[in-house]
Amino acid sequence: MKREDQKKAAAEAALEFIEWDMVIGVGTGSTADYFIDSLVKVKNKLDGAVASSVNTAERLKRHNIPVLELTDTGDLPLYVDGADEATRHLHLIKGGGGALTREKIVAAASEKFICIADESKLVDVLGTFPLPIEVIPMARSFIGRQLVKLGGQPELRASFTTDNGNLIIDVHNLSIINPVELEESLDHIAGVVTNGIFARRSADVLLLGTESGVEEITVS
Ligand code: 5RP
């Protein structure tokens with residue numbers, strides 16, 4: 001299976017987790033887009049969806065799926081989203097699409113987080129993909145200096161503003177041996193809004209599209 005077919009297969013497999021009358025959280029990116037497109041088949045079951053980005057909200061609306069606000073729904077039973085990297089411990093790097101803050105909020109507010117990805121995303125150790133960090137604009141140089149002290153090479157994402165009006169710094173060459181610890185220490189740098197390590201609230205299930213079908217990975 002080609003990469004795009006693997007993404008589609010993982011997205012389709014996530015439909016199994018949808019039950020009647022659910023309001024679900026929906027992620028951002030090309031794999032999440034395949035999920036939104038396949039949601040059409042089961043949209044009668046849904047009461048609505050909470051979007052993790054403006055792009056996702058627009059795509060859901062195009063499919064006539066009601067878009068609700070997290071402030072109105074309360075916690076959600078299910079969140080489905082892609083990832084830039086995932087380990088078999090279900091730790092992730094996210095934010096390649098720049099939606100990491102809203103994604104982290106919706107993931108935190110959800111009982112079950114299903115990550116959908118093609119097999120190129122599976123890694124032993126996180127960090128080959130540059131780690132996205134959303135920052136308050138006035139803090140960008142200060143944060144850049146702190147990231148250098150941590151051994152990373154920060155690069156401001158060019159011509160990009162998040163849905164929250166902030167900037168993204170992509171950090172190269174960080175060694176993410178202990179994702180839970182690094183996630184926490186990056187969040188403590190003044191001016192950091194969110195970092196793209198999803199380890200404290202990791203995924204609960206990884207649906208990985210592979211050459212031979214969809215592998216379901218959980219941590220017991
Ligand atoms: C967006 C994300 C995406 O989930 C991540 O970038 C994966 O995207 P794709 O499914 O297009 O490979 O975190 O902020």
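Note that ligands are numbered from 1 as they come in the structure, with each ligand's atoms numbered from 1 the same way.
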Practice item. Note the single closest protein heavy atom to atom 5 (C) of ligand 1, along with its residue, its atom name and the distance in Å. Key: Asp84 OD1, 3.1 Å
**Study point:** Glu134-Asn164 side chain donor-acceptor pair, cut-off 3.5 Å
**Key:** yes
Study note, to complete from the structure: The residue among Thr28, Asp81, Asp84 that forms side-chain hydrogen bond (donor to acceptor under 3.5 Å, both in side chains) with Lys94 is Asp81
**Study point:** Interfacing atoms of ligand 1 (cut-off 4.0 Å, heavy-atom, Asp81)
**Key:** 4 (O)
**Study point:** Proximal atoms of ligand 1 relative to Ala99 (non-hydrogen, under 4.0 Å)
**Key:** 14 (O)
Review point. To which of Lys94, Glu85, Glu103 does the heavy atom nearest atom 1 (C) of ligand 1 belong?
Key: Glu103
Review point. Can you tell me the protein heavy atom closest to atom 12 (O) of ligand 1 and the distance?
Key: Lys121 NZ, 2.6 Å
**Study point:** Any donor-acceptor N/O pair, Ser52 side chain to Val26 backbone, under 3.5 Å
**Key:** yes
Point to revise | Which segment of Ala83 sits under 4.0 Å of ligand 1 when only heavy atoms are counted | key: backbone
Check your understanding: Under the 6.0 Å and 45° cation-pi test, does Lys7 pair with Tyr34?
Key -> no
Check your understanding: With distance as the sole test, does Asp170 use its side chain to make a donor-acceptor pair with the main-chain N or O of Leu131 at under 3.5 Å?
Key -> no
Exercise for review: Would you check whether Ala32 has a nitrogen or oxygen atom less than 3.5 angstrom from a nitrogen or oxygen atom of ligand 1?
Suggested key: no
Review point. Would you say ligand 1 has an N or O under 3.5 Å from any N or O of Gly29?
Key: no
Exercise for review: Taking the side chain as every heavy atom from C-beta outward, state whether His91 and Phe198 have any atom pair closer than 4.5 Å.
Suggested key: no
**Study point:** Which of the ligand 1 atoms, numbered from 1, are nearer than 4.0 Å to a heavy atom of Gly96
**Key:** 6 (O), 13 (O), 14 (O)
